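Have a look at the structure below before the remarks.
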Number of protein chains: 2
Amino acid sequence: MAERLRQDDRRRQLIGIGLEILATKPIHALSVDEVAARAGISRGLLFHYFATKQDYYAAVVRAAARRLLTAAQAGPEVAPDRQLRSTVAAYVGFVVRHREPYLAFFRGGAGADPQIQAIYEEVRDALTDRALAATGLPASPVTRLAVRGWWSLVESLAVDHSGERAPAVASEALVSYAVDALPGLLAGLDRLTAPAI
Amino acid sequence: MAERLRQDDRRRQLIGIGLEILATKPIHALSVDEVAARAGISRGLLFHYFATKQDYYAAVVRAAARRLLTAAQAGPEVAPDRQLRSTVAAYVGFVVRHREPYLAFFRGGAGADPQIQAIYEEVRDALTDRALAATGLPASPVTRLAVRGWWSLVESLAVDHSGERAPAVASEALVSYAVDALPGLLAGLDRLTAPAI
DNA sequence: GGCCTTGTTGAGCAGTGCTCGACAAGATAG
DNA sequence: CTATCTTGTCGAGCACTGCTCAACAAGGCC
């Protein structure tokens, strides 16, 4: 019989195991038995904590998202005009350090699952909010559209950059490039809101 | 007994069925039986054509990718300086017209599967090549990095825009914005290639 | 000590991906 | 027209997996 744990501890343990395993293999390749065996518990108990395998996966991805959002956070000690750079630098650093898990959780994930989609949406929204706050611009639908797009650009840069074995550019330079790209993208919005012809 | 078809025809039929079904539900929710039933054949025959369910899915995604690349193609009659705009307009139009399938195949897909990843990579590369050719810039690793990132931006814009029930901006304006964003992003590259400090 | 809560088990069901040996419809040759 | 070969097709069956459920055991409380 497995050691008896408190609800919270057991949940944390199971999610931790998920973070480990699912960083290197997709959900459909992970059987509930494997998780249970690794935790030293029975299959049934896993379903006591997570009604569904999808629910379990969602909980794991949610934990990963929390880690990302925590990592990509500029501390309050950062000067206002360096907030954006600090956030982007932290984000890029996170992707570089945890490339495989990042891809597994935020690219590979069963994107069709509405739960997972919701998590992705939350992360995007949170990052967009931070960037918007750092620029000081009002959060109109159009500015949000542009900033979300800019984050996609940043993600692409970070992922590609983290995949190079001999990076073409230094991480700091990449961050500078990404940060400097945002004002131009926002300036171009004038044409969108006031459509000429 | 099912009508006897030629190899090519049967494959085409099965892939067509996949394009229909998988546009609205994820693979793991699609059973081989359902495909077989819809095609009026036995389960076994499906595995004769596609050794694995994953192989089948990959074939379907490949077909979807081919459709996307065909749609997002500027005809030879387009003037050189309009090629980029034409390509982007076609791409955005495709996403707007086929939003659900687009998300299902190019976002939802089992991203962990190396076959699927390879297809995504091919699409990205092909689109990047077209954009680079249209700008006339040399295809260095750094310009590719930037153009790939720009395509991510464009995809984000297109997906977000196609999801709005009352679009904040007209599609043409969005295309203009996207196209006009590229030169600025490429100009900023100077700082990357010649790092100061 | 008795009892309620709660963490835990293990057998078992339904469904799914995949294999495999056999069969049948056309094409080809004699 | 028959014999043979190719090739598209079937369906039973295996192994496994997600999930259910009734029973059990370890604390905590009175």
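Sequence lines set the chain letters: A, B, ... in the order given, protein chains first and strands last, and positions in each chain run from 1. Everything numeric here is computed off the predicted structure, so don't read it as measured data.
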Near [X] [atom1], under 6.0 Å, is it more than 12 heavy atoms from other residues, nucleotides or ligands?
| X | atom1 | value |
| --- | --- | --- |
| A:R99 | CZ | yes |
| B:E3 | CD | no |
| B:R67 | CZ | no |

Separation of [X] atom [atom1] from [N] atom [atom2], in whole Å?
| X | N | atom1 | atom2 | result |
| --- | --- | --- | --- | --- |
| A:L30 | D:dG18 | CG | P | 8 Å |
| A:D113 | D:dG18 | CG | P | 15 Å |
| A:F47 | C:dG10 | CZ | P | 16 Å |
| B:I27 | C:dT16 | CD1 | P | 15 Å |
| B:F50 | C:dT16 | CZ | P | 20 Å |
| A:D55 | D:dC19 | CG | C1' | 12 Å |

Which nucleotide in [options] has an atom nearest any side-chain atom of [X]:
| X | options | result |
| --- | --- | --- |
| B:S31 | C:dC18, C:dG17, D:dC19 | C:dG17 |
| B:A2 | D:dC10, D:dC19, C:dG17 | D:dC10 |
| B:H48 | D:dC19, C:dC18, D:dT9 | D:dT9 |

Charged N-O contact under 4.0 Å between [X] and [Y]:
| X | Y | value |
| --- | --- | --- |
| B:R62 | B:E122 | no |
| B:D8 | B:R11 | no |
| A:E172 | A:R85 | no |
| B:E155 | B:R124 | no |
| B:E77 | B:R82 | no |

Watson-Crick and G-U pairing of DNA chain D, under 3.5 Å, as dot-bracket with | and [ ]: ||||||||||||||||||||||||||||||
Are any of A:Y49's side-chain N or O atoms less than 4.0 Å away from OP1 or OP2 of C:dT8?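 Yes, because at least one side-chain N or O of A:Y49 sits under 4.0 Å from OP1 or OP2 of C:dT8.
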In terms of ring plane angle, is the pair B:Y120 and B:F106 parallel, tilted or perpendicular, where the classes change at 30° and 60°?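 Plane angle between 30° and 60°, so tilted.
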Donor-acceptor pair, distance only, cut-off 3.5 Å: does the side chain of B:S156 make one with the backbone of B:S152?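 No: the side chain of B:S156 does not pair with the backbone of B:S152.
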Would you say B:Y102's side chain and B:L68's backbone share a donor-acceptor pair under 3.5 angstrom?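 No.
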Residue-level proximity of residues 32-46 of chain B to DNA chain C when a heavy atom falls under 4.0 Å: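 Hits under 4.0 Å, by residue number: B:V32, B:R43.
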When you measure from every atom of DNA chain D, which of residues 3-11 of chain B have a heavy atom less than 4.0 Å away?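 The stretch gives B:E3, B:R4, B:L5, B:Q7, B:R10 as the residues lying under 4.0 Å from the strand, ordered by number.
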